[in-house]
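Per chain, numbering begins at 1; letters A, B, ... match sequence-line order. Owing to the predicted nature of the structure, the values given are computational and were not obtained by experimental measurement.
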2 protein chains.
Amino acid sequence: MKYPITLDALEVLDAIDRKGSFAAAANELFRVPSAISYTVQKLEQDLDVVLFRKEGRKAVLTQAGKVLLEQGRGILDAMERLAIATKKTHSGWEPVFNIAIDSILSFDFIYPLIARFYEVLPDIEINIYEEVLGGAQEAITSNRADLVIGAGAEPTPNQGIKYQKIRQIEWIFTVAPGHELTQAALPLSRQLIEQHRFIVVRDSSRNQAPQSHRVFSKRPVLSVPSVTEKINALRSGLGVGFLPVHRIQDMLEQGLLIALPVENTILIETSHMAWKTTNKGKVLRWFIEQLSQHDFI
Amino acid sequence: MKYPITLDALEVLDAIDRKGSFAAAANELFRVPSAISYTVQKLEQDLDVVLFRKEGRKAVLTQAGKVLLEQGRGILDAMERLAIATKKTHSGWEPVFNIAIDSILSFDFIYPLIARFYEVLPDIEINIYEEVLGGAQEAITSNRADLVIGAGAEPTPNQGIKYQKIRQIEWIFTVAPGHELTQAALPLSRQLIEQHRFIVVRDSSRNQAPQSHRVFSKRPVLSVPSVTEKINALRSGLGVGFLPVHRIQDMLEQGLLIALPVENTILIETSHMAWKTTNKGKVLRWFIEQLSQHDFI
DNA sequence: TTTATTGTTCAAATATTTTGAACCTATTAA
DNA sequence: TTAATAGGTTCAAAATATTTGAACAATAAA
């Protein structure tokens with residue numbers, strides 16, 4: 001016999017353990033006690049292992065029974081999830097979706113996007129991978145990623161891969177008026193600004209994610225949930241950081257925020273996304289659509 | 001219906017996929033073709049998902065079918081291991097120890113580690129299996145694995161699961177001085193390097209991992225038992241391959257080995273390990289300790 | 001000592017799976 | 001073009017497997 005353990009047997013075992021007796025398990029499963037007895041005996045026989053010992057009028061799990069039950073529960077869970085994943089796939093939703101992001105890009109806009117995604121579809125697994133320079137490209141051709149957010153303009157068209165430019169963002173180092181850095185010599189050095197508290201956009205997908213792999217190193221100091229909050233925090237003088245120019249143009253003009261040049265800093269971030277044209281998944285569509293909208297930023 | 005997917009159905013699906021047709025699967029399973037048909041139809045009906053599409057006179061898996069099969073195989077494996085573990089517990093043996101490794105990671109360091117383990121505790125059965133992207137995470141929550149070696153930095157802390165970073169490894173494509181690839185235009189293309197003989201670290205453990213893995217294709221390869229041997233073989237000009245930078249720094253500087261850039265290659269491999277905090281096993285501790293040591297590499 | 005609860009056994013009833021023959025349908029060979 | 005062949009499906013009958021219910025034994029609680 002290839003698989004002596006059946007799902008039904010595991011289900012029965014689980015019910016017995018939770019309810020405390022064969023009789024109660026029978027009741028829960030809408031079966032008659034003798035059916036439970038039969039299932040357990042069959043399992044013990046097929047597996048050639050004693051799973052219950054009689055203690056008084058009750059049956060108690062043996063050590064082997066406990067191992068079987070504990071691990072078996074994991075398998076039952078996996079089965080349930082597999083059924084869900086399969087159905088999701090059938091209706092066009094990928095069960096897992098992998099995003100690779102070039103590590104030089106800012107993640108400020110990605111976290112809120114993922115958070116938004118989980119609000120809509122909480123049980124799809126999103127994995128974000130950071131890729132170093134050429135890696136993002138490779139990630140897609142080797143099917144490691146479904147969507148790549150890469151740095152630079154769109155690369156030359158490639159067989160089977162679609163590229164699309166994402167809005168170009170100009171980042172600028174910003175502090176509140178009266179901040180001590182406004183007194184420092186310009187341009188500011190990296191060393192100097194790193195001594196100040198940075199405000200970063202937090203990965204808010206943490207709590208809601210079914211399970212998400214996040215793969216970048218960061219040393220956040222003050223985390224906020226979105227770029228809007230980041231602007232507010234900066235204005236309140238809680239810290240310093242880079243902000244997208246187009247979002248703070250007015251405030252800069254009104255003197256509510258001060259922009260300062262920093263040495264060796266790339267200000268303009270051009271990025272593109274890439275995906276396989278054969279991929280018709282709905283999750284992919286969702287992300288492409290969101291990223292295409294000019295105001296998602 | 002609580003569990004629409006049965007183990008038998010997964011077994012049938014697996015056989016169909018491996019053998020290529022319903023008829024061949026029927027033959028393998030000592031059943032009649034109509035029985036296979038019946039099982040598949042029942043599964044499709046219970047799950048309310050189309051799993052096969054007819055192409056010509058053959059039946060081909062749909063996307064959903066592929067997801068089901070791929071994940072289902074993991075569950076079948078888990079079932080087999082569970083049966084073994086239960087029997088071992090019954091007979092007083094320590095249960096098997098399962099390690100899941102993310103398939104994008106290099107196995108080079110694992111095989112020698114397992115070999116070392118057998119020197120210390122030869123009676124314990126170690127299973128290594130490969131998990132695709134998110135799967136490694138899942139493997140631990142569902143108890144399919146006792147230890148997971150996953151890609152990326154440590155994920156968000158999770159109830160009952162402990163994560164620990166493993167040393168980050170930078171891999172670099174290396175050849176011996178005077179190798180003909182040193183004359184080629186840089187960066188090297190994948191096609192080009194694939195024409196050369198690769199040196200890979202062999203799976204020298206008893207219970208070998210399911211697949212050979214990760215070498216680009218069925219090219220001529222030379223298997224060696226450890227990374228040290230791999231370095232030696234490379235230096236002798238026996239072949240080419242990726243090596244961890246920190247192990248060959250000196251040799252690169254002395255010109256004993258030549259590093260060459262390859263297009264679209266991810267150079268830096270970050271990884272972490274994960275295990276259940278409830279697991280107090282001796283075997284687990286041994287592996288954690290070994291993997292924590294910086295020089296195990 | 002009753003009485004209720006728990007688990008087991010066994011034959012009968014019921015449900016599920018497997019079979020084999022007949023029948024499609026798309027490729028391949030003649 | 002036609003025949004032969006390699007899948008795949010359908011359906012009723014046969015073979016298996018599971019569930020039931022009644023009778024029974026063992027133990028704890030009243």
**Study point:** Rounded distance (Å) that lies between atom P of D/dT9 and atom CD of B/Q45
**Key:**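 Rounded to whole Å, this separation is 13 Å.
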
Check your understanding: Given atom CZ of B/R53 and atom P of D/dG7, what is their separation to the nearest angstrom?
Key ->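 In whole Å, D/dG7 P and B/R53 CZ are 19 Å from each other.
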
Exercise for review: Search all heavy atoms of A/M273 against all heavy atoms of A/S292 and return the closest pair with its distance.
Suggested key: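 In this case the closest contact between A/M273 and A/S292 is CE-OG, 3.5 Å.
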
Exercise for review: Please name the pair of heavy atoms, one in A/P4 and one in A/D46, separated by the smallest distance, quoted to 0.1 Å.
Suggested key: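 It is CB-O, 3.8 Å.
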
Nearest 0.5 Å, please: how far is [atom2] in [Y] from [atom1] in [X]?
X      : Y      : atom1 : atom2 : value
A/L82  : A/E80  : CG    : CD    : 11.0 Å
A/L7   : B/L7   : CG    : CG    : 4.0 Å
A/M79  : B/I75  : CE    : CD1   : 4.5 Å
A/K162 : A/N279 : NZ    : CG    : 13.0 Å
A/E28  : A/E11  : CD    : CD    : 8.5 Å
B/I288 : B/L147 : CD1   : CG    : 6.5 Å

Quick one: side chains of residues 280-287 of chain A, donor-acceptor pairs under 3.5 Å with protein atoms, not counting sequence neighbours, listed by atom name and distance.
{"from": "A/K280", "atom 1": "NZ", "to": "A/T277", "atom 2": "O", "distance (Å)": "3.2"}
{"from": "A/K282", "atom 1": "NZ", "to": "A/S91", "atom 2": "O", "distance (Å)": "2.9"}

Please write out the pairs of protein N or O atoms and N or O atoms of nucleotides 12-14 of chain D separated by less than 3.5 Å, giving the distance to one decimal.
none

Point to revise | Those residues of residues 11-27 of chain B lying under 4.0 Å from DNA chain D by at least one heavy atom | key: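 DNA chain D contact set from residues 11-27 of chain B: B/S21, B/F22, B/A23.
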
Check your understanding: Ion pair present between A/R31 and A/D8, side-chain N to carboxylate O less than 4.0 angstrom?
Key ->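 Yes, this pair counts.
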
Check your understanding: Out of A/L13, A/V12, A/T6, A/L29, which one pairs with A/T39 under the side-chain contact (heavy atoms from CB on, under 4.5 Å) rule?
Key ->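 When side-chain contact (heavy atoms from CB on, under 4.5 Å) is applied between A/T39 and each of A/L13, A/V12, A/T6, A/L29, only A/V12 qualifies.
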
Check your understanding: Is there a donor-acceptor contact under 3.5 Å from the side chain of A/D146 to the main chain of A/N98?
Key ->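 The answer is yes, because a donor-acceptor pair under 3.5 Å joins these two groups.
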
Using atom names, set out every protein N or O paired with an N or O of nucleotides 23-30 of chain D below 3.5 Å, distance rounded to 0.1 Å.
{"from": "D/dT27", "atom 1": "O2", "to": "A/R57", "atom 2": "NH1", "distance (Å)": "3.0"}

Exercise for review: Considering just the side-chain nitrogens and oxygens of B/Q41, establish if one lies under 4.0 Å of OP1 or OP2 belonging to D/dT10.
Suggested key: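 Indeed, a polar side-chain atom of B/Q41 lies that close.
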
Practice item. Return no unless some side-chain N or O of B/S37 is found under 4.0 Å from OP1 or OP2 of D/dT9. Key: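 Looking at the OP1 and OP2 atoms of D/dT9, one of them is under 4.0 Å from a side-chain N or O of B/S37.
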
Provide a list of protein-nucleic acid N or O atom pairs under 3.5 angstrom, restricted to nucleotides 14-21 of chain C.
{"from": "C/dT17", "atom 1": "OP2", "to": "B/Y38", "atom 2": "OH", "distance (Å)": "2.8"}
{"from": "C/dT19", "atom 1": "OP2", "to": "B/V32", "atom 2": "N", "distance (Å)": "2.9"}
{"from": "C/dG20", "atom 1": "O6", "to": "B/S34", "atom 2": "OG", "distance (Å)": "2.9"}

Could you pull out every donor-acceptor pair under 3.5 Å between side chains of residues 47-61 of chain B and any protein atom, sequence neighbours left out?
{"from": "B/K58", "atom 1": "NZ", "to": "B/G20", "atom 2": "O", "distance (Å)": "3.3"}

